[in-house]
Amino acid sequence: MTSLHNRHIKPQILAGLNGDNWRLADYVSRGGYQALKKILTEGITPEAIIAELKSSALRGRGGAGFPTGLKWSFMPRQFPGQKYLVCNSDEGEPGTFKDRDILRYNPHILIEGMAIAAYAMGVSVGYNYIHGEIWAEYTRFEEALEEARAAGFLGDKILGSEFSFQLHGFHGYGAYICGEETALLESLEGKKGQPRFKPPFPASFGLYGKPTTINNTETFAAVPWIIMNGGAAFLEVGKINNGGTKIFSISGDVTYPGNYEIPLGTSFATLLELAGGMRGGKKIKMVIPGGSSAPVVPGNIMMQTDMDYDGIAKAGSMLGSGAVIVMDETRCAVKSLLRLSYFYFEESCGQCTPCREGTGWMYRMIHRIEHGQGRMEDLDLLNSIADNIQGRTICALGDAAAMPVRAFVKHYRDEFAYHIENKRCLVGPGAAAHAHHSDDLVLETA
């Protein structure tokens, strides 16, 4: 993990973590589990915890950015039966690798955050659904759970109180669709991971048909700091409506790819500087600021953009999971979109016709353009297909497939046209000769 920090920044989740100091003793030495102790010994009410979360302006760090305190308030605390708490560690978004580093370097902060959430919502059982392709992180989380149980931070009558909370790890199956919260619940129940119709929402009908709250790994990990320091202090670290720090996974054509925890509202230019700038001194061309499902933004616009929910929305994209994919002047927009469109074609669960058929159609059309077989009318047709997918599916995977297509065609239409007219790339290795990519995945055109 690369972790460089400006001296004015106070990281809360990934601060100076490496090697074996993920264990319980090290976490406790850094003040770990003090927030949970504070709640149980001082008798802080669930209502006060939720109010603190609301004042912090902590928003969901998994992609949707929904206010955390508000989500917690939806849980019917007086429901007489079983209720569940679920952590979404199914980090399948291309470009995103922050949650696995939390599990790898600081698993106890997640456990403490989930325990506090369970107390606030009156929940006694929780699950952490961990992406199926990260086995080492799953086993480490299981070790951390054992440490926490042995020390009395999990289980029955935690720290001698009347509060009990059982937390379990669950190793997923690797499907991107299981990152969607209701598909995750289906998978957790042992079924095929396909999204559910909403309503009903998980807060009223979730895991096993019981009230359930689902948050992202990073969201839960932010909770202990808020309890110890106050919601107002967390908000001050960021900006209005964008409280606290955020971990950005920056990758691509930068000198030092890695995870950087910075206050929300920090400029993209500062983040790029922390990552060592553009690799090889090349010029920035385009940035995907929130994971592969976020619309691409031209580099010159990103250099004037702040890294927060509102700032990135103003630039025409979304903060999403915080995965920042940076591409330099040598990168071909058509080939980049080809890779993204193939991913969403492969990962569509097939439940909704617009997504099942539309993702394949878009991939095959972009494949034709990249390989010198495109037509000018394909550009408008691509937009038309994307329009007929977006907003017409049960979950947001259809939107995730459609938005990149619309953004790439909008900002780099000249490159697509150049491919069609000249049957080769405008930039990059393919610019010198006719496009030929033997390592590309090829499907027969429909």
* Asked: Should the heavy atoms of other residues, nucleotides or ligands under 6.0 Å from CD of Glu143 be counted, would the total exceed 12?
  -> yes
* Asked: Is atom NZ of Lys198 surrounded by more than 12 heavy atoms (other residues, nucleotides or ligands) closer than 6.0 Å?
  -> yes
* Evaluate side-chain contact (heavy atoms from CB on, under 4.5 Å) for Val427 paired with Glu329, printing each intermediate quantity in order. => CA-CA 8 Å; Val427 297; Glu329 58 194 324; over 6 Å; no
* Structure fact -> Partner of Asn216 under side chain to side chain contact (heavy atoms under 4.5 Å, CB included), picked from Lys98, Glu181, Glu91, is Lys98
* Identify the residue among Asn128, Asp99, Thr213 that makes a side chain to side chain contact (heavy atoms under 4.5 Å, CB included) with Cys87. => Asn128
* Any chance you could lay out the side-chain contact (heavy atoms from CB on, under 4.5 Å) test for Cys425 and Lys335, step after step, and finish with the verdict? => CA-CA 9 Å; Cys425 294; Lys335 189 169 185 179; 5.6 Å; no
* How are the rings of Tyr138 and Trp135 set relative to one another: parallel (under 30°), tilted (30 to 60°) or perpendicular (over 60°)? -> tilted
* Do the ring planes of Tyr342 and Phe345 sit parallel (below 30°), tilted (30 to 60°) or perpendicular (above 60°)? -> perpendicular
* Side chain of Thr393, backbone of Cys352: donor and acceptor closer than 3.5 Å? -> no
* Glu147 side chain to Arg23 main-chain N or O, any donor-acceptor pair under 3.5 Å? -> no
* To do: Give the C-alpha distance, both sets of side-chain angles, the deciding distance and a yes or no for side-chain contact (heavy atoms from CB on, under 4.5 Å) between Leu235 and Ser56.
  => CA-CA 5 Å; Leu235 178 58; Ser56 74; 5.6 Å; no
* To do: Give the C-alpha distance, both sets of side-chain angles, the deciding distance and a yes or no for side-chain hydrogen bond (donor to acceptor under 3.5 Å, both in side chains) between Ser292 and Tyr344.
  => CA-CA 10 Å; Ser292 63; Tyr344 288 103; 2.6 Å; yes
Considering non-hydrogen atoms only, spot the tightest contact between [X] and [Y] and give its length.
| X | Y | value |
| --- | --- | --- |
| Ser293 | Met318 | O-CE, 3.7 Å |
| Ile389 | Ala402 | CB-CB, 4.4 Å |
| Arg30 | Asn21 | NH1-O, 3.1 Å |
| Arg59 | Thr219 | O-OG1, 4.4 Å |
| Ser321 | Thr96 | OG-OG1, 2.8 Å |
| Gly374 | Ile420 | O-CG2, 3.5 Å |

* What about Phe170 and Tyr129, are their ring centers closer than 6.0 Å? -> yes
* To do: Would you confirm whether the ring centroid of Tyr176 sits within less than 6.0 angstrom of the ring centroid of Phe343?
  => yes
Would you check if [X] and [Y] make a side-chain contact, meaning some heavy-atom pair closer than 4.5 Å?
| X | Y | answer |
| --- | --- | --- |
| Met228 | Gln34 | yes |
| Arg424 | Glu370 | no |
| Leu167 | Leu85 | no |
| Phe416 | Leu337 | yes |

* To do: Using distance alone, with no hydrogens and no angle criterion, decide if Ser89 and Thr217 have a side-chain donor and acceptor under 3.5 Å apart.
  => yes
* **Non-neighbouring partners of Asp308 that pass side chain to side chain contact (heavy atoms under 4.5 Å, CB included), sequence neighbours left out** => Lys239, Asn242, Leu264, Asp306, Asp310
Any Lys/Arg nitrogen of [X] or [Y] sitting under 4.0 Å from an Asp/Glu carboxylate oxygen of the other?
| X | Y | answer |
| --- | --- | --- |
| Arg279 | Asp253 | yes |
| Lys285 | Glu415 | yes |
| Glu189 | Arg196 | yes |

* Run the side-chain hydrogen bond (donor to acceptor under 3.5 Å, both in side chains) check on Tyr363 and Glu346 step by step: do they pass? -> CA-CA 10 Å; Tyr363 165 70; Glu346 278 287 285; over 6 Å; no
* To do: Before giving the answer on side-chain contact (heavy atoms from CB on, under 4.5 Å), spell out for Phe408 and Arg413 the whole-Å C-alpha distance, their side-chain angles and the decisive distance to 0.1 Å.
  => CA-CA 7 Å; Phe408 268 95; Arg413 192 180 183 97; over 6 Å; no
